[in-house]
**Q** 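Here you go, one structure.
Just so we're on the same page: letters track the sequence lines, and every chain starts at 1.
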Number of protein chains: 2
Amino acid sequence: MVSSTDPRERVTLAAAKLIHKQGFARTTLAEIAVAAKVALGSLYYYFHTKDEIAAAIVAKRVGDLDQMLLKKNTLPDARSRLEALVQVWADDRNIDARYGCPIGSLCYELAKGRGPLSGHAAMPMRTLLNWSEAQFCALGHSQDAATLALHLVSALQGISLVANSLGDAAAITRESSYLQDWIRQL
Amino acid sequence: MVSSTDPRERVTLAAAKLIHKQGFARTTLAEIAVAAKVALGSLYYYFHTKDEIAAAIVAKRVGDLDQMLLKKNTLPDARSRLEALVQVWADDRNIDARYGCPIGSLCYELAKGRGPLSGHAAMPMRTLLNWSEAQFCALGHSQDAATLALHLVSALQGISLVANSLGDAAAITRESSYLQDWIRQL
DNA sequence: GTCTATATGTGGATAGAC
DNA sequence: GTCTATCCACATATAGAC
């Protein structure tokens, strides 16, 4: 299950998986400790509080996102880069329909009524928005690139939420196709 | 704050408000009891479990949604009806940016990794989707009405999530404008 | 029906040995 | 650094008087 040798990373990975499936509030430190093969008390050597684990997960997600988007940048044109982003959702349709978007569902839970953690929730969204905006700019839509990026990211986050509520992965397939067409026609 | 005379309704309303702001898992029965001006023990006269309160909130939300959509049906044409739906999000931008969509954020939390409550999460979404699909049909898009409805509802749910994560109500204004234009051009 | 009091379980967090 | 054992607060749920 958890294969990293660095225990701190093992905890972050295990927590990310569990929290994706169960939500942050419903996931206990005891569960995380078991999944990470670390004693419960040891968690507090790596993180001072449960909230800090959430912050670490968000930071890791932003890093993964950056890496993923950087890879897409090797694609020849902005249009295919945007299509590739949508394709990520299409590929992950089954897990997203079951547990929601790993990024969006966590951000939604953290942003709600929390002080310090609310700030963290913005980072992954900004990452997605900024990259998308750059692509729309490259496509020649520099005037309304921010608006188009907002629409794209909203659609991706929204379809994850709707498909999860319905328990219907096919909804993600359908919305992905719609978005692909939209990008091609732009 | 809570003005209903029927105590059961008072509990449902108080719980709905608190859970919208704090999330389901983080809201305690003690808080609900205080807000509803009911003794903690009395909650169990009206509801057997905390989960039942969540179910009652969802049922109430579906009822409110039905009523709201029924009102929109008095508008002369399908296009203005769809615009009116989007306008609801634009009007509620401040509260949605702060706490998320009252429907979507609850559904997202309930659908995740829960047995019986997962089923309830689908109902509000289906209500929104079915009504929207009917409007797109009336607009002459009977062929792809379901796809258009899915795109609209996803966009509305998505912008609530993104705006909440960013803490930015203006994002809802911008996406609403985009969707209004989209509806007019259809 | 509505209340007070309480049982029961469990979660985050700490203490301290090794 | 990693562990075991434990504290303490609090949340859900129950008991039972009124």
**Q** Please say whether the positively charged group of B:Lys17, taken as NZ for Lys or CZ for Arg, lies over the ring of B:Tyr99, i.e. under 6.0 angstrom from the six-membered ring centre and within 45 degrees of the axis.
**A**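 So B:Lys17 doesn't make the cation-pi contact.
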**Q** With sequence neighbours excluded, give me every salt bridge (charged side-chain N to carboxylate O under 4.0 Å, His left out) pair touching residues 51-60 of chain A.
**A**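 For residues 51-60 of chain A: A:Asp51-A:Arg114, A:Lys60-A:Asp64.
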**Q** Rounding to an integer number of Å, can you tell me how far B:Arg26 CZ sits from C:dG11 P?
**A**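 Taking atom P of C:dG11 as the reference, CZ of B:Arg26 is at 16 Å.
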**Q** What pairs with B:Asn94 under side chain to side chain contact (heavy atoms under 4.5 Å, CB included), at least two apart in sequence or on another chain?
**A**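 Side chain to side chain contact (heavy atoms under 4.5 Å, CB included) list for B:Asn94, sorted by chain: B:Ala169.
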**Q** Please pick, from D:dC3, D:dA11, C:dT4, the nucleotide with the shortest atom-to-atom distance to any side-chain atom of B:Ala39.
**A**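 Nearest to the side chain of B:Ala39 among the choices is C:dT4.
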**Q** Does anything in residues 54-93 of chain A pair up under ring-ring contact (aromatic ring centres under 6.0 Å, His included), and if so which pairs, sequence neighbours excluded?
**A**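 For residues 54-93 of chain A: none.
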**Q** Rounding to an integer number of Å, can you tell me how far B:Glu31 CD sits from D:dC10 C1'?
**A**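 Whole-Å distance recorded here is 11 Å.
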**Q** So if I take every side-chain heavy atom of B:Tyr45 and compare against D:dC3, C:dC3, C:dG1, which nucleotide ends up nearest?
**A**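 Comparing D:dC3, C:dC3, C:dG1 against the side chain of B:Tyr45, the answer is C:dG1.
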**Q** Who pairs with B:Arg93 by side chain to side chain donor-acceptor pair (under 3.5 Å), at least two apart in sequence or on another chain?
**A**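 None.
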**Q** Identify the pairs formed between an N or O of the protein and an N or O of nucleotides 13-16 of chain D at a distance under 3.5 Å, and give each distance.
**A**
unit_1: D:dA13; atom_1: OP2; unit_2: B:Tyr44; atom_2: OH; d: 3.4
unit_1: D:dA13; atom_1: OP2; unit_2: B:Lys50; atom_2: N; d: 3.1

**Q** Tell me: CD1 of A:Ile19 to C1' of C:dG11, nearest whole Å?
**A**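 A:Ile19 atom CD1 is separated from C:dG11 atom C1' by 14 Å.
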**Q** Once you round it to whole Å, what is the distance between C1' of C:dC3 and CG of B:Leu43?
**A**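 Checked: the CG to C1' distance equals 12 Å.
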**Q** Taking ring-ring contact (aromatic ring centres under 6.0 Å, His included) as the cut-off, I'd like each qualifying pair that reaches into residues 116-164 of chain B, sequence neighbours left out, listed once.
**A**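 Counting only pairs at least two positions apart or across chains, the ring-ring contact (aromatic ring centres under 6.0 Å, His included) contacts touching residues 116-164 of chain B are A:His151-B:His151, A:Tyr178-B:His151, B:Phe136-B:Trp182, B:His151-B:Trp182.
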**Q** Given atom CD of B:Glu52 and atom P of D:dT12, what is their separation to the nearest angstrom?
**A**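 After rounding, the reported distance stands at 15 Å.
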